[in-house]
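Structure first, commentary second.
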Amino acid sequence: MLRIFYFPEPRVGGLYPFLFWSTTLPLLIVFDKKPVFKIAPFFSLDELYTEGADNVRYELPHQSDWTEIFNRFNDFFKLAETFS
């Protein structure tokens, strides 16, 4: 049998777990230290909204496929972020 690709079995201390943690851990640290700034009340970006800042809908259109599930997860994570 001819094998084109060789995928070694995952083992403790292997390269794959190291690569996973070497990319995930720095991202977790960066997102934990994410800066949040309060914007002064006189500063406004209303000119960026074509329909006006008061008429903006901040929700995505509802669809009946997998995107709805990911949108609910997104809502949950945003809510959880307000408590941290």
**Message:** Just verifying a value: how many Å separate F76 CZ and E81 CD, rounded to the nearest 0.5 Å?
**Reply:** 12.0 Å
**Item:** Atom pair CG (N71) and NZ (K78), whose distance is rounded to the nearest 0.5 Å
**Value:** 9.0 Å
**Request:** Treat each ILVMFWY residue as a node, draw an edge where side-chain heavy atoms are under 4.5 Å apart, and state whether L79 and F73 are in one component.
**Result:** no
**Item:** Check ion pair R72-D75 (N to O, under 4.0 angstrom)
**Value:** yes
**Prompt:** Would you find a donor on one side and an acceptor on the other, under 3.5 Å apart, between the side chain of N55 and the backbone of E51?
**Reply:** yes
**Prompt:** What is the ring orientation for F70 with W66, classed by angle as parallel under 30°, tilted 30 to 60°, or perpendicular over 60°?
**Reply:** tilted
